2 protein chains.
Amino acid sequence: MTDIYRAIADPIRRKILHMVARAECTQSDIVAAFSISQPAIKKHLAILQEEQLLLERKQGKYCYYRLNTPVYQHEFSQLQRELGLVLEKKLAGLKHFLEEEQ
Amino acid sequence: MTDIYRAIADPIRRKILHMVARAECTQSDIVAAFSISQPAIKKHLAILQEEQLLLERKQGKYCYYRLNTPVYQHEFSQLQRELGLVLEKKLAGLKHFLEEEQ
DNA sequence: CAATCATATAACCATATGGTTATATATTAT
DNA sequence: ATAATATATAACCATATGGTTATATGATTG
């Protein structure tokens with residue numbers, strides 16, 4: 001079940017997400033954009049796919065990747081909510097502290 | 001230099017962030033809140049500290065942890081921006097596509 | 001059909017992660 | 001002083017991560 005935290009843990013995977021959001025890319029487009037080997041890129045793509053953030057379309061010898069936008073959008077807003085709550089809790093604590101101080 | 005992506009990659013560390021945001025906690029408070037060993041918790045705390053998200057205060061036999069709020073706030077907004085850009089790029093692509101279609 | 005290009009996969013390696021148990025040390029309470 | 005509690009650390013283990021090279025397969029081009 002989509003662990004976006006795992007997906008985004010690596011900076012190369014984050015850059016891949018940017019690439020495939022901007023436009024559909026072939027695997028070799030992606031390989032060309034980095035200075036690591038094709039199998040290494042493949043593994044990153046596999047992780048992004050395991051986490052459902054990537055869709056692929058196979059055409060001839062090419063494999064096109066694009067963002068799975070609905071999933072990304074959903075997972076991103078969940079993440080924002082989860083991490084945003086941390087700050088809200090902090091604020092609530094400060095508020096409480098100030099109100100006790102009257 | 002603070003890799004928030006590493007810090008938040010594990011669900012236990014995310015829960016710890018919530019705990020220490022809500023209130024200052026001792027290490028044993030945190031240990032009590034999970035079903036893993038004290039050394040395992042200690043390692044999670046060490047990672048959160050390496051990434052500058054946690055401040056500690058030592059008092060007698062207790063070690064109090066609290067959120068490093070400014071750093072968390074800053075890193076969280078950077079993260080939001082970076083991951084939000086992915087969606088913006090997607091939207092820009094769709095917009096461009098529609099405008100070509102007139 | 002042969003060469004080339006894109007992708008897939010196997011085998012390997014080093015390091016990181018996430019956990020354990022056992023034990024040491026320091027502080028506090030009885 | 002002893003016992004109990006809180007924390008720290010060492011040693012170990014299994015698995016995951018992030019990379020490599022070498023090679024196979026499949027599609028396209030000359």
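It should be emphasised that the depicted structure is a prediction, and the values quoted were computed from it without experimental measurement. Residue numbering restarts at 1 for every chain, and letters A, B, ... go by the order of the sequence lines.
- The distance from atom CD1 of B:Ile36 to atom P of C:dT17 is 15 Å, rounded to the nearest whole Å.
- Not one side-chain nitrogen or oxygen of B:Thr26 sits closer than 4.0 Å to the OP1 or OP2 atom of D:dA6.
- Closest to the side chain of A:Ala40, out of D:dT7, D:dG19, D:dG18, is D:dG19.
- In terms of heavy-atom proximity, A:His18 sits nearest to B:Leu85 at NE2-CB, 3.7 Å.
- Considering only side-chain N and O atoms, A:Arg13 lies nowhere under 4.0 angstrom from the phosphate OP1 or OP2 of D:dT17.
- Distance A:His44 NE2 to C:dA8 P: 16 Å, rounded to the nearest Å.
- Below the 3.5 angstrom threshold, one finds a donor paired with an acceptor across the side chain of B:Gln38 and the base of D:dA8.
- Here D:dA10 is the nucleotide among D:dA10, D:dG18, C:dG19 with the atom lying nearest to any side-chain atom of B:Pro39.
- Between B:Phe76 and B:Tyr72, the ring planes are parallel. Angles under 30° get that label, and only those over 60° would be called perpendicular.
- Atom CD of B:Glu50 is separated from atom P of C:dT17 by 8 Å (rounded to the nearest Å).
- Between the NZ atom of B:Lys42 and the C1' atom of D:dA6 there is a distance of 11 Å, given to the nearest Å.
- Side-chain contact between B:Ile41 and B:Pro39: absent, with no pair of heavy atoms (C-beta onward) separated by less than 4.5 Å.
- Residue B:Arg14 places its CZ atom among more than 12 non-hydrogen atoms of other residues, nucleotides or ligands, all under 6.0 Å distant.
- The side chain of B:Lys61 lies closest to C:dT27, out of C:dT27, D:dT9, D:dG26.
- Following rounding to the nearest Å, B:Ile41 (CD1) and C:dT20 (C1') show an atom-to-atom distance of 13 Å.
- Side-chain N/O atoms of A:Tyr5 and A:Glu51 include no donor and acceptor closer than 3.5 Å.
- Contact between the side-chain N/O atoms of B:Lys58 and the OP1/OP2 oxygens of D:dA8 is found at a separation under 4.0 Å.
- Across C:dA8, D:dA11, D:dA8, the shortest atom-to-atom separation from the side chain of B:Cys63 is found for D:dA8.
- In this structure, the CG atom of A:Asp10 is 5 Å from the P atom of D:dG18, given to the nearest Å.
- Within the 4.0 angstrom heavy-atom criterion, base atoms lie near B:Ser37.
- Atom pair B:Gln49:CD and D:dT9:P shows a separation of 11 Å (rounding to whole Å applied).
- As rounded to whole Å, 14 Å separates atom P of C:dT17 from atom CZ of A:Arg6.
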